[in-house]
Amino acid sequence: MKSQARLSFYLTLKYLQRGRKWTLVLIFILMSVAFVNLIFISSLFTGIIDGANKQIVDTMTGNIYMTPSDGQDFINNKDNVLKKIADVNGVKSVSARTQVPARLSYKNIRGNWQILAINPENEKQVSIVADKMIEGSFLNVDDENQIVVGRQIAGGDNVEENAFSFKGAKVGEKVTLLFDGMSEEFTIKGIFNTKFVESDKRAFISEKELNKLIPSTKDKASMIAIKTDTKDETKVLDRIKALNLDANIYSWQEATGLMKSVASSFLNVNVLITLVGILITAVTVFIVIYVDIVNKRKQIGILRAIGIKPYIIISSYVILSAVYSVIGVLIGSVVFYFVLVPYFNAHPFSLPICDATLILSKADYISRAEMIMWVSVISGLIPSAIITRTKMLDAISGR
Amino acid sequence: MESIIKVEKLVKIYHLGSSDIKAIDGVSVEVATGEFLMITGRNGSGKSTLMHLMALLDLPNSGEVVIQDQKTCHLSEKKRTDLRLRQLGYIFQEYALITELSVLENVMLPAMMIGTSKEAMERAIFLLDKVDLMNKKNCLPSELSGGEQQRVAIARALVNKPKILFADEPTANLDTISSKSVLEIFKNLNEKDGITIVMVTHEEEELIYASRKIRLSDGRLV
C-alpha cells in the first residue's frame, strides 16, 4: 500500500521531469498570473484604504482627536491640557489647533475655507503638512502676517477643485483674512500638497498671530490632535480619557466622518471585485488543468490497462495539479513582492485621497494561495476521476 | 489439459447512433493452459473485441469470461484491475508505452504496484536483457524503432510474471525482421516458460507459430 502510494508521487515526478517543457512553463505562467490577478486588485484596494487612513491620521486627526465638550466652543486651559496629554504614556506628540473665525480673500475671490491657528513646532510633530510644501516654506513660531495654504485653496492648472480656488495664487502674494468687522492682510508663505483633497482645503497661521488679532483666543483650542508612539491607540485613548479632561476624545476612526464611509465603500467594492476575481481565477485554473489532464487521456487509459489502480492515477494528477499551484503561487509571489510592490512603492497609484501602494495582509495572502491550491486540486481531481471511469479502450483510442 | 480461460456465449453490442452492431455474437471458446492460441479473421470480424473481453479490458453485454476458474464479468473494477495486474499481460498493436517514462521505467511500472522499486528494477532489467534492449534502457519510447517499442511492451507485459499473455496484432506496425523477432520471443515464452498466449493476427504466415487457431467472421466462430 505504501509503495503504491509512492507510485503516485513517482508518476507526478516523471510527468514534471519529462513532460513537454513549454507546456509546463505555460501552465506555471498561467497559474502565477492567476494568483497575481487574485492578490493584485485586493492589495491595491487595501493600499488605497490604508493610504487614505494614513492621510487622515498624518494630515488631519492624528491617532487621537479631541474637540470641545458639548455646548462649549473651545477646549479651555489649552496649555495645561497639552502638558497633561504629553505626559501620558504612549503619547508621542500633541498639537492644539484653533479655528480662525474668518474668510479668505484673494483678488476678487472669497471663500470659506478652514483656517487654523497652530503652534508650528507642535504641528510639525503631529502632522506631515510641513513636509508637503510644494512652494515656499512652512510657518515658524514667530511668524506674523504669514499664512500657508493648501493646494486646493491656491488653485492652478490640474488642481482638482480649481474652480472654487484662488486659481493660481503664488507664494509671496497677499491674501486677506476677513473677520467680523475687521480685516488683516497676510502673505502666502507656502503652499502645501498632501495629496489628500480634504487636507489641502485648509490654511494655517501661527497661534501667536491669532492671539494678537483676537486676544480672547489665548490658551484656547478648537481641537487637539495627538500622535501616539504605538499602534495600539486604544490603550492610550483610555489613559487620556482617564485624565477626565473637559473635552470629547475620539480615536481617529471615530473622527473620520465621510472618509469612514468612503473606506467602507472601498471595502465593499474590494469584496465584490475579489469575488469576481476568484471566480475568473477558478475558471482559468480549472480550464488550464482540465485541458492538460484531458490531453493525457490516452496515458490514463494505458495505465489502467496495465493494472495501475485508479486511485493511484487520480492521486498522481491531483499531486501534479497541487505542484502546478504551488509553483504558480511561488512565481506569483516573487513577481508580486519583487516586481510589483517595489514598482508601486516607487510609482504609487495617484488618487485624490492618497498615493496608493500595494498592501497585502498575511491572512489575505494565505487565503488566496489556499484558494488557488484548492481549485487546482479539484481541477486535477475531476477530469482524472472522470477519465478513470470512462471506458478504458475509449480512453486509449482517444474516442 | 485444463482450461485457463473459458469464454461462454459472449455477446458484445456497440451502439452507433440509432443502430446496434453485434461485434461478438454468442462466442464460446476455451483456452488450455500453455496453449498458443491465435485468433484470426478479416477486419471488423470481431477478433480484437473478443480479445479485449478476454483480457478484461471491456465488459460483454452477456456471457461470461472465466479466468482460472474465476468468473470475471461481475467482479468490481478494482478486482478486475488486480487480475489484469497480477495474472494477465497485454500487448497493444501500437505499443501503448508511457511517453514520459524511459524504457526501464515503463517496464518497471506494473511491478512497482506489487513489490518494491528495487525488486521491480531487477525484474525489469532481467526482462530487458531477455528482449535484447539493455542498451536502450534509459531511452524514451520516442527514441526507439517500432520493433524496439514492441519489445519494451512485451517486457512490460511480462514483468509481473503473468499466466496469460494477450497480444493484439503485435506485428501489424513492424517490418518483417522485427515481426519475426517478436514472434520468436512469443514462441520461446510459450514453449520454454509455459506462458499461455492469445494473439490476434490477420497475417496468415504467422499462424504457423500457433498451437491452435480460431477464425472469426461477423462476430462468430467459423
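Throughout, a chain's letter reflects where its sequence line sits, starting with A, and its residues are numbered from 1.
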Compare every heavy atom of B:L56 with every heavy atom of A:M392, then report the nearest pair and how far apart it is.
CE-O, 4.5 Å
Measuring only between side-chain heavy atoms, which start at C-beta, is [X] closer than 4.5 Å to [Y]?
X      : Y      : answer
B:E100 : A:R20  : no
A:Q299 : B:T99  : yes
A:R304 : B:T81  : no
B:F92  : A:I396 : yes
B:L109 : A:L11  : yes
B:I98  : A:I302 : yes

[X] atom [atom1]: more than 12 heavy-atom contacts under 6.0 Å:
X      : atom1 : result
A:K195 : NZ    : no
A:F349 : CZ    : no
B:D132 : CG    : no
A:K21  : NZ    : yes
A:Y343 : OH    : no
B:D218 : CG    : no

Applying side-chain contact (heavy atoms from CB on, under 4.5 Å), can you list everything that pairs with A:I331, at least two apart in sequence or on another chain?
A:F28, A:S32, A:I327, A:V335
Pick one of side chain, backbone, both or neither for [X], based on which atoms fall under 4.5 Å of a heavy atom in chain A.
X      : answer
B:R80  : neither
B:D82  : side chain
B:S117 : neither

CD1/A:I308 to CE/B:M113 distance, rounded to the nearest 0.5 angstrom?
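One finds 5.0 Å between CD1 of A:I308 and CE of B:M113.
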How long is the gap from CE on B:M108 to OH on A:Y10, to the nearest 0.5 Å?
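That separation rounds to 5.0 Å.
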A:R18/B:E105 salt bridge by N-O under 4.0 Å criterion
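A:R18 and B:E105: salt-bridged.
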Measure from the side-chain N and O atoms of A:R6 to the backbone N and O of B:M112, and report whether any donor-acceptor pair falls under 3.5 Å.
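No: the side chain of A:R6 does not pair with the backbone of B:M112.
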For A:K309, is it the side chain, the backbone, both or neither that has a heavy atom under 4.5 Å from a heavy atom of chain B?
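The answer is both parts of A:K309.
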When heavy-atom pairs shorter than 4.5 Å are enumerated against chain B, which of A:G19, A:A305, A:G301 gives the highest number?
A:A305
Please list, in residue-number order, every residue in residues 17-24 of chain B that has a heavy atom less than 4.5 Å from any heavy atom of chain A; write 'none' if there are none.
none
For the interface with chain A, which of B:P110, B:A55, B:G89 has the highest count of heavy-atom pairs at distances below 4.5 Å?
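Highest number of pairs under 4.5 Å: B:P110.
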